[in-house]
Amino acid sequence: MSTVSTVNGGISFWYADQGTPAPREPLPGDTTADVCIVGGGYTGLWTAYYLKKAVPFLNITVLEAKFCGYGASGRNGGWLYNGIAGRDRYAKLHGHEAAVRLQQAMNDTVAEVIRVADEEGIDADIHRGGVLEVACTPAQLARLKAFHSVEIAFGETDRTLHGARETAERVHVTGAVGSSWTPHGARLHPAKLVKGLADVVEALGVTIHESTPVTEIKPKHAITPYGTVRAPYVLRCTEGFTAGIKGQKRTWLPMNSSMIVTEPLSDSLWDTIGWEGRETLGDMAHAYMYAQRTADGRIALGGRGIPYRYGSATDNDGRTQPATIEALRDLLVRLFPTTAGTPIAHAWSGVLGVPRDWCATATLDRSTGLGWAGGYVGSGVATTNLAARTLRDLIQQDSGQSGPTELTTLPWVNHKVRRWEPEPLRWLGVHGMYAAYRAADRRELTSPRADTDPIARIADRVSGRG
């Protein structure tokens, strides 16, 4: 499998066939708004959409540093699914039933995104095939069965568990000994969704200024090099790029994730793989992978490369390290050996936001009018939509237009967490954690034992995930 001609970076493959969107005008100077949203990704655009739909006369301004979809919204794996970061912790903090309500809201969110895309005419190659998580070692199988039981306990009674034969009937993953499937998931084209959403929001009357980096957020102020937007509500929707805003360096850690995509596979190759249901595909490794069968017949697969850059730095237009491309290619061939001769068309990377306790949140500080949502830890394609509807309800509640709603009482609302450690502890901790996870995965691949490798258990405790 050749990587010599692989395109590296260029934001992501998702923009390769259409090109990046035509630029919108930057902020021309000081101005005012009713709501100022910082960040033109899924969170910011969904929030603008739901606010404008609820209160059409609102003056809403979105400020985006590059262009809408430049960050994770235009680079992710296209997994629209019902996972949310931190649910188990929220169960411990607020009780099991509260976490069940949060999970049900996420289940419903998958259908909500599909509904809006259809209603608004956004063609994002959406195929609702569910999510298939596979296990390829005895330890992974034990974790898979435990994971399956937990998901059912949180209300996913329509989830199914499969053995090796049933798994192979869905998709031929080499070495797969079992799988768990949920219907609450869909494959999509990330850039088509974010571009379509931006166009819809703009048509509703929302003002979007691109090439306008926000350097500082203060109560009622979003400050940029071109001027300041003053608004009663300022919402930070910057996810993995949050560290670039003044005072936010240690708020959420920008974790790197990388992807590759093959050239289109022939029909004969697809016959060896199956995957007719076009489920989004994941595994139970500690350094897990995520994949999809694209609308044009490719395999897009992602995972961790170099997980974190010193000082919370971010990448340069999606370029990733050659060693990461090789590692992802090797993983692809291990899972699907018949792809060994298929060229890798494109590779790229991006950052996702990770809070210190790995818990996503949607928050509005009613004393300052400052709000934020994020910390999705890689589960943002659907969670951004739930976050946006929650921010809408919080603002309407604060402004006296409504009372508490089902969404404003979910346990992730207004969650507070401590900041990340300063450097070099942050860099050492993250790199040490993922080195431990990769070592645990290697050991489990050759071990007949069904229990999780102790190295991974230690890493879970140190990272705050356990």
Side-chain angles (χ1 to χ4, degrees), residues 38-39 41-44 65-66 70-73 75-77 83-90 213-217 236-259 286-288 290 302-316 318-321 324 348-363 372-381 383-384 387 412 415-438 456 458-466:
V38 181
Y42 291 149
T43 306
K66 298 282 189 173
Y70 173 82
S73 299
R75 308 189 199 186
N76 63 80
I84 184 167
R87 184 200 61 194
D88 293 351
R89 181 167 177 79
Y90 287 128
V214 172
T215 56
E216 184 177 3
I217 296 174
R236 190 186 78 229
C237 303
T238 48
E239 185 56 0
F241 291 87
T242 298
I245 299 172
K246 183 178 179 181
Q248 303 296 331
K249 179 75 79 173
R250 292 165 53 196
T251 299
W252 291 335
L253 184 142
M255 186 78 75
N256 289 285
S257 195
S258 298
M259 292 198 70
H286 302 292
Y288 53 84
Y290 49 95
R304 296 288 183 266
I306 294 178
Y308 173 71
R309 292 177 170 87
Y310 191 89
S312 293
T314 54
D315 61 84
N316 180 25
R319 281 193 64 83
T320 194
Q321 301 79 14
T324 298
W348 69 97
S349 65
V351 293
L352 49 100
V354 181
R356 186 60 182 86
D357 64 354
W358 302 71
C359 292
T361 184
T363 295
W372 55 90
Y376 306 122
V377 197
S379 299
V381 179
T383 314
T384 51
W412 75 321
H415 176 69
K416 293 179 174 59
V417 62
R418 67 184 176 92
R419 290 152 63 85
W420 281 89
E421 292 80 1
E423 298 291 19
L425 296 177
R426 196 158 67 242
W427 187 92
L428 290 170
V430 174
H431 280 262
M433 175 183 69
Y434 273 97
Y437 285 143
R438 285 191 289 266
I458 294 170
D460 282 343
R461 288 197 295 270
V462 171
S463 69
R465 299 170 74 180

Sequence-distant partners of E421, salt bridge (Lys or Arg N to Asp or Glu O under 4.0 Å), two or more places apart: R356, R418

How many angstroms lie between [atom1] in [X] and [atom2] in [Y], if you round to the nearest 0.5 Å?
| X | Y | atom1 | atom2 | result |
| --- | --- | --- | --- | --- |
| H415 | R89 | NE2 | CZ | 6.0 Å |
| T324 | N256 | OG1 | CG | 9.0 Å |
| T383 | Y42 | OG1 | OH | 12.0 Å |

Sequence neighbours excluded, which residues qualify as side-chain contact (heavy atoms from CB on, under 4.5 Å) partners of T251? R236, T242, Q248, R419

Not counting sequence neighbours, which residues clear side chain to side chain donor-acceptor pair (under 3.5 Å) with [X]? List them please.
| X | answer |
| --- | --- |
| Y70 | D317 |
| T384 | none |
| Y376 | T43 |
| S349 | none |

Heavy-atom distance under 4.5 Å between the side chains of [X] and [Y], does that happen here?
| X | Y | value |
| --- | --- | --- |
| Y90 | C359 | yes |
| R75 | W348 | yes |
| V351 | M255 | no |
| Y290 | S257 | yes |
| V38 | I217 | yes |
| F241 | W252 | no |
| I84 | S379 | no |

Main-chain N/O of G353 paired with E239 side-chain donor or acceptor, under 3.5 Å: yes

Please check: side-chain N/O of W420 versus main-chain N/O of V354, any donor-acceptor pairing under 3.5 Å? yes

Of all the heavy-atom pairs spanning Y288 and V377, show the shortest one and how long it is. OH-O, 4.2 Å

If you compare all heavy atoms of A387 against all heavy atoms of A373, which two are closest, and at what distance to 0.1 Å? CB-CB, 3.7 Å

For I245 and T238, run side-chain contact (heavy atoms from CB on, under 4.5 Å): C-alpha distance rounded to whole Å, both residues' side-chain angles, the deciding distance at 0.1 Å, then the answer. CA-CA 9 Å; I245 299 172; T238 48; 3.9 Å; yes

